[in-house]
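Just below is one structure, and these are the notes that go with it.
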Amino acid sequence: YDPLDEDIVICGHTHREHARRFAGHLVVNMGSTGAALLGDPRPRLLILEKRNGPWSWELLRVPYEPEHVLELAQRNGWLGLGGVATTMVHEMLVGRPWSRSFVSWWNADASTMQPVDAYRAFARSRGVEPLV
């Protein structure tokens, strides 16, 4: 960040929130607004203010209804697709990463399985009841 002249750097798309000072800059990452992966699926909201002094920030979690996500996934056919689509719905419900592990597992151990069957086998291998 040294070449930057700005006091604050706002970044994202890591799904992992943080705010800290680094190399003379305030670096703020709100994580994710819809697919948080740190064990809390609630969307994040960043409030950033500068009032007569240094920047201040607050990372908030907003109310979230996992049942609504599941309903949308069912209505739009995402669960019926299996594979990565269903693992991503699972991620949104529990706030933990699954897709990357699923893809590695599928490529190594289950590439001949149909996507829905692969998702079910993967979920069961993790000790979780499949969504479909």
Side-chain angles (χ1 to χ4, degrees):
Y1 299 111
D2 285 339
L4 298 175
D5 291 331
E6 305 302 322
D7 294 334
I8 188 166
V9 177
I10 301 171
C11 50
H13 200 71
T14 64
H15 302 268
R16 299 178 187 277
E17 66 189 48
H18 68 267
R20 62 178 172 248
R21 297 242 174 237
F22 181 77
H25 305 277
L26 172 61
V27 180
V28 181
N29 184 326
M30 65 183 283
S32 173
T33 58
L37 300 178
L38 292 174
D40 184 345
R42 292 177 295 168
R44 277 33 173 194
L45 175 68
L46 170 66
I47 297 176
L48 187 61
E49 294 181 299
K50 185 173 186 175
R51 293 185 183 173
N52 301 322
W55 286 98
S56 67
W57 68 90
E58 187 174 4
L59 291 165
L60 303 172
R61 290 184 172 92
V62 297
Y64 179 72
E65 296 179 14
E67 303 80 24
H68 184 65
V69 170
L70 190 55
E71 175 190 322
L72 285 171
Q74 289 170 330
R75 185 172 55 214
N76 290 302
W78 300 339
L79 296 180
L81 294 173
V84 174
T86 308
T87 59
M88 289 180 75
V89 171
H90 184 96
E91 286 177 346
M92 287 186 273
L93 294 173
V94 300
R96 291 277 180 211
W98 263 46
S99 296
R100 183 178 294 165
S101 298
F102 171 76
V103 169
S104 296
W105 173 84
W106 196 5
N107 286 334
D109 299 327
S111 61
T112 61
M113 295 177 78
Q114 293 297 313
V116 172
D117 295 332
Y119 162 76
R120 288 178 182 141
F122 181 75
R124 290 184 181 118
S125 76
R126 296 285 176 111
V128 173
E129 185 63 30
L131 298 173
V132 292

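Bear in mind the structure is a predicted one, so any value in this text is a computation, not a measurement. As a basis for the values below, the full set of heavy atoms in this structure was taken, side chains included, without hydrogen atoms, waters or symmetry mates.
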Enumerate, atom names and distances included, each donor-acceptor pair closer than 3.5 Å involving a side-chain atom of residues 92-99, sequence neighbours excluded.
from	atom 1	to	atom 2	distance (Å)
S99	OG	T87	OG1	3.3
S99	OG	E91	OE1	3.4
S99	OG	E91	OE2	3.1

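With sequence neighbours excluded, no residue forms a salt bridge (charged side-chain N to carboxylate O under 4.0 Å, His left out) with R124. By the side chain to side chain contact (heavy atoms under 4.5 Å, CB included) test, W78 is found to be paired with A73, N76, V89, residues two or more places apart in sequence or in another chain being considered. Listed by chain and residue number, Y64 satisfy the side chain to side chain contact (heavy atoms under 4.5 Å, CB included) test with P41 (two or more places apart in sequence, or in another chain). Every residue meeting the side chain to side chain contact (heavy atoms under 4.5 Å, CB included) condition with Q114, not counting sequence neighbours, appears here in chain and number order: D117. Here R75 pairs with E71 under the side-chain hydrogen bond (donor to acceptor under 3.5 Å, both in side chains) rule; sequence neighbours left out. In this view, Y119 satisfies the ring-ring contact (aromatic ring centres under 6.0 Å, His included) rule with no residue, not counting sequence neighbours. R21 meets the side-chain hydrogen bond (donor to acceptor under 3.5 Å, both in side chains) test with no other residue; sequence neighbours excluded. Residues passing the side chain to side chain contact (heavy atoms under 4.5 Å, CB included) test with E65 are E67, H68, sequence neighbours excluded.
H90 is listed as a side-chain neighbour of L131, based on a closest heavy-atom distance under 4.5 Å. Side-chain contact between P115 and W106 is present, with heavy atoms from C-beta onward closer than 4.5 Å.
Among residue pairs with one or both ends in residues 32-43, those qualifying as salt bridge (charged side-chain N to carboxylate O under 4.0 Å, His left out) are D40-R42, D40-R61; sequence neighbours excluded. Counting only residues at least two apart or on different chains, the side chain to side chain donor-acceptor pair (under 3.5 Å) pairs with a member in residues 48-58 are E49-R51.
Transitive grouping of hydrophobic side chains (ILVMFWY, heavy atoms separated by less than 4.5 Å) keeps L45 and I10 in distinct clusters.
Checking side-chain atoms of R120 against main-chain N and O of V132 turns up a donor-acceptor pair under 3.5 Å.
Around atom CE of M88, no more than 12 heavy atoms belonging to other residues, nucleotides or ligands sit under 6.0 Å away.
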